[in-house]
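Take a look at the structure set out below.
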Amino acid sequence: ITMYSFMGGGLFCAWVGTILLVVSTATDHWMQYRLSGSLAHQGLWRYCLGSKCYLQTDSIGEALGQGLGHAWAYWNATRAFMILSSLCATSGIIMGILALAQQPSFARLSRPFSAGIMFFASTFFVLLALAMYTGVTVSFLGRRFGDWRFSWSYIVGWVALLMTFFAGIFYMCAYRMHECRRLSTPR
């Protein structure tokens with residue numbers, strides 16, 4: 001296995017992970033529940049009752065009669081961490097492509113190492129976002145809605161976490177392989 005194979009695998013995981021991060025962040029199916037007998041679902045930006053969707057605002061809790069105002073800080077943090085995760089993954093892809101394109105000329109700060117760090121940062125941010133959303137949903141919404149479940153946008157976020165994590169692993173392996181080769185080559 002060559003260093004280029006690791007970087008190629010890392011870029012594949014990174015592309016898939018970044019696409020999944022964006023899809024997860026943008027879609028309205030993080031949670032499904034029944035409200036007054038009809039199906040409802042929500043994402044980070046909107047909630048939908050039946051076939052009609054509404055932007056989430058601070059007044060949603062009152063509109064639904066749920067008193068969820070105290071949970072809004074957590075949802076805002078979830079949104080912010082998902083966006084940060086997507087930005088880190090995108091930065092990692094750019095660094096990863098540069099590392100693949102100019103492999104022989106490693107600078108003082110290795111591009112594969114930098115790409116790996118960005119993918120691990122992306123993994124960390126999406127983990128924070130998903131953990132926070134899980135905690136708020138189970139603690140607050142789970143008690144208010146008897147018939148609820150996490151939905152596909154939420155699950156896609158967890159798959160994205162795995163993909164960005166493996167992208168980081170692949171790039172760190174490429175970095176280690178390059179360092180071992182560099183140290184073993186006589187000057």
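Side chain of Gln56 to backbone of Gly43: a donor-acceptor contact under 3.5 angstrom is found. Panel note: side chain Ser85, backbone Phe81; no donor-acceptor pair is recorded below 3.5 Å. Looking only at distances, no side-chain donor or acceptor of Ser151 sits under 3.5 Å from a matching main-chain atom of Met31. One N or O on the side chain of Thr18 and one on the backbone of Ala14 form a donor-acceptor pair closer than 3.5 Å.
One hydrophobic cluster holds both Trp30 and Leu161 under the rule that ILVMFWY side chains link at heavy-atom gaps under 4.5 Å. In this structure, Trp75 is a member of the same hydrophobic cluster as Leu49, with clusters built from ILVMFWY side-chain heavy atoms closer than 4.5 Å. Under a hydrophobic-cluster definition in which Ile, Leu, Val, Met, Phe, Trp and Tyr are linked whenever side-chain heavy atoms come within less than 4.5 Å, directly or via other members, Leu87 and Leu130 are assigned to the same cluster. Phe12 and Phe119 end up in different hydrophobic clusters when Ile, Leu, Val, Met, Phe, Trp and Tyr side chains are linked at under 4.5 Å.
In summary, the side chains of Thr123 and Thr164 do present a donor paired with an acceptor at a separation below 3.5 Å, with no hydrogens or angles considered. Remark: the Ser5 side chain and the Thr2 side chain contain an N/O donor-acceptor pair separated by less than 3.5 Å. Between the side chains of Ser24 and Ser153, no donor N or O sits under 3.5 Å from an acceptor N or O.
Atom CZ of Phe150 has more than 12 neighbouring heavy atoms from other residues, nucleotides or ligands inside a 6.0 Å radius. Shown here is Phe120, whose CZ atom has more than 12 heavy atoms of other residues, nucleotides or ligands within 6.0 Å.
Note: Cys13 SG to Leu20 CG = 10.5 Å, rounded to the nearest 0.5 Å. The NE2 atom of His41 lies 8.0 Å from the CZ atom of Arg46; values are rounded to the nearest 0.5 Å. The distance from atom SG of Cys88 to atom CE of Met95, rounded to the nearest 0.5 Å, is 8.5 Å.
Across all their heavy atoms, Gly17 and Met163 have their closest contact at CA-CB, 3.6 Å. Scanning all heavy atoms of the two residues, the minimum distance from Met118 to Ser91 falls at CE-CB, 3.6 Å. Scanning both residues, Gly96 and Ala115, for their nearest heavy atoms gives N-CB, 3.8 Å. Across all non-hydrogen atoms, the minimal contact from Val126 to Met82 is CG2-SD, 3.6 Å.
Ring-plane geometry between Phe113 and Tyr175 is classed as tilted, the angle between the planes lying from 30 to 60 degrees on a 0 to 90 degree scale. The aromatic rings of Tyr154 and Tyr133 are tilted relative to each other, their planes meeting at an angle between 30° and 60°.
Ring pair Tyr47/Trp45: centre-to-centre distance not below 6.0 Å.
Side-chain atoms of Phe6 and Arg176, non-hydrogen and from C-beta on, never get closer than 4.5 Å to each other. Here the side chains of Val23 and Trp152 are in contact, with some heavy-atom distance below 4.5 Å.
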